Protein chains: 2
Amino acid sequence: MSTVGELVGTAGAEPAQGHTLLLDDQLCFALYAASRAVTARYRPLLEELGLTYPQYLVMLVLWEQDSISVRDLGAALQLESSTLSPLLKRLEAGGLLRRERRPDDERSVAIRLTEAGARLKERARTVPVDIGAAMGLTPEQHTLTQQLLRLLTANVSQG
Amino acid sequence: MSTVGELVGTAGAEPAQGHTLLLDDQLCFALYAASRAVTARYRPLLEELGLTYPQYLVMLVLWEQDSISVRDLGAALQLESSTLSPLLKRLEAGGLLRRERRPDDERSVAIRLTEAGARLKERARTVPVDIGAAMGLTPEQHTLTQQLLRLLTANVSQG
DNA sequence: TGCGATTAAATCGCACACAACTAATTCGTA
DNA sequence: TACGAATTAGTTGTGTGCGATTTAATCGCA
């Protein structure tokens, strides 16, 4: 099974949206299992960088936009400050970033990469490539999955 | 955006599989965000049943097949005993199930629903329907997403 | 200008998740 | 049949996630 066409073609073979209580009918379970499987696949790669998976996501945001508030980081990753605060503390302890209160608004905390944090980006470059290969999806399947997941997230987030 | 055709049609508008370090390029993040968003959507529904999301998944398995070993439960849900053991202890404390060593193999523990656990199934019937509605996918999109996620999980689980 | 409402992080409590390890039991085979 | 290997749960330690609350700072409006 390798093309979208083949996937669509087999769709009729199973009852769509069973609304039953069977585990294998639940899209939620497919999602939950896939998410943990992908995270597990990342684990050994990220271990070499000294990062967990959520920490890696934080670093992705910082490599893209340095000096960001905890608030905006939370908005980007859809995580609460109760999750981010201790996570950022660990990254700071690991020497990858610094947290400083903003002078113009002392409520806000700016997250800035250290030199080590910025340097780590180079070592991380191969990670998306390796994971992409492990996922084994065609470019078409990859894009389609991403779009379906975004649609699902948008609908579920408040519809 | 509502049909698979429309999704496929727009696929060419974005670079497929960027292999970059941009957060929004990462399929893994779409997956991670979608999984948490769906779980969050379940939360209020399951709270009425006194269940967390992973507890709900365990109950789904038990409603389908009562008297199952921790091992087989872990195989069905892809969870380690280190996750299941305390979770099952909480469900037992809540009176939904019992754990008993199997007489024929004392290493194994059989999980059995109590009367209350079995009764809860009726109150849970509407959950998949409500979630299905909140997901807002067409039957075709629903099935396609499930198939893509299964393919992804299979590939990533050891390729 | 003052003061209640709002906002931003952090803290606390609880429940996963998983690696590494332990304890008990059973298996397999020499 | 004895004994080392394998299997099954459970325990421990670390790191998320999130709701509820707390603390500090800023805002907004009378």
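In this text, all values refer to a predicted model and were calculated from it rather than measured experimentally. Keep in mind that the numbers below use all heavy atoms, side chains included, and drop hydrogens, waters and symmetry copies.
- A salt bridge links A/Arg125 with A/Glu122: the closest approach of a Lys/Arg side-chain nitrogen to an acidic carboxylate oxygen falls below 4.0 angstrom.
- Considering only side-chain N and O atoms, A/Lys89 lies under 4.0 angstrom from the phosphate OP1 or OP2 of C/dT11.
- Here the straight-line distance linking atom CZ of B/Phe29 with atom CG of A/Leu149 works out to 11.5 Å at 0.5 Å rounding.
- Within the 4.0 Å cut-off from OP1 or OP2 of D/dG17, not a single side-chain nitrogen or oxygen of A/Thr83 is found.
- Under the side chain to side chain contact (heavy atoms under 4.5 Å, CB included) test applied with B/Tyr42, the options B/Leu51, B/Ile131, B/Thr52 reduce to a single match, B/Ile131.
- With a 3.5 Å ceiling on both atom-pair distances, the Watson-Crick or G-U wobble partner of D/dG19 is C/dC12.
- Taking CG of B/Leu31 as the start and CE of A/Met135 as the end, the distance is 7.0 Å to the nearest 0.5 Å.
- Nearer to the 5' terminus of DNA chain C, by closest-nucleotide assignment, is the contact made by A/Ser81 (compared with the other of A/Ser81 and B/Ser81).
- Of the residues in residues 31-38 of chain A, A/Tyr32, A/Arg36 come within less than 4.0 Å of DNA chain C through at least one heavy atom, sorted by number.
- Rounded to the nearest 0.5 Å, atoms OG (A/Ser157) and CZ (B/Arg36) are 9.5 Å apart.
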Taking only nitrogen or oxygen atoms into account, show me every contact under 3.5 Å that the protein makes with nucleotides 4-8 of chain C, one pair per line with its distance.
unit_1 : atom_1 : unit_2   : atom_2 : d
C/dT7  : O2     : A/Arg107 : NH1    : 3.3
C/dA8  : OP1    : A/Arg71  : NE     : 3.4

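- The phosphate of D/dG10 (OP1 or OP2) has a side-chain N or O of B/Ser85 nearer than 4.0 angstrom.
- Note on A/Arg99: only backbone sugar-phosphate atoms sit closer than 4.0 angstrom, heavy atoms only; bases stay farther off.
- One N or O donor and one acceptor, one from the side chain of B/Ser82 and one from the base of C/dA19, sit under 3.5 Å apart.
- Residue A/Arg90 places at least one side-chain N or O closer than 4.0 Å to OP1 or OP2 of D/dT16.
- In this structure, A/Leu79 reaches the sugar-phosphate backbone alone: every heavy-atom distance under 4.0 Å involves primed, P, OP1 or OP2 atoms, never a base.
- Taking only side-chain nitrogens and oxygens, B/Gln55 never comes nearer than 4.0 Å to OP1 or OP2 of C/dA15.
- Nucleic acid contact for B/Thr52: sugar-phosphate only, since backbone atoms but no base atoms lie under 4.0 Å from a heavy atom of the residue.
- Nearest-nucleotide positions on DNA chain C place A/Leu88 closer to the 5' end than the other of A/Leu88 and B/Arg102.
- The minimum heavy-atom distance linking A/Arg99 with A/Leu88 is given by the pair CD-CB, 4.0 Å.
- Residue-level contact check: B/Leu87 touches the backbone only, with heavy atoms under 4.0 Å from sugar-phosphate atoms and none from bases.
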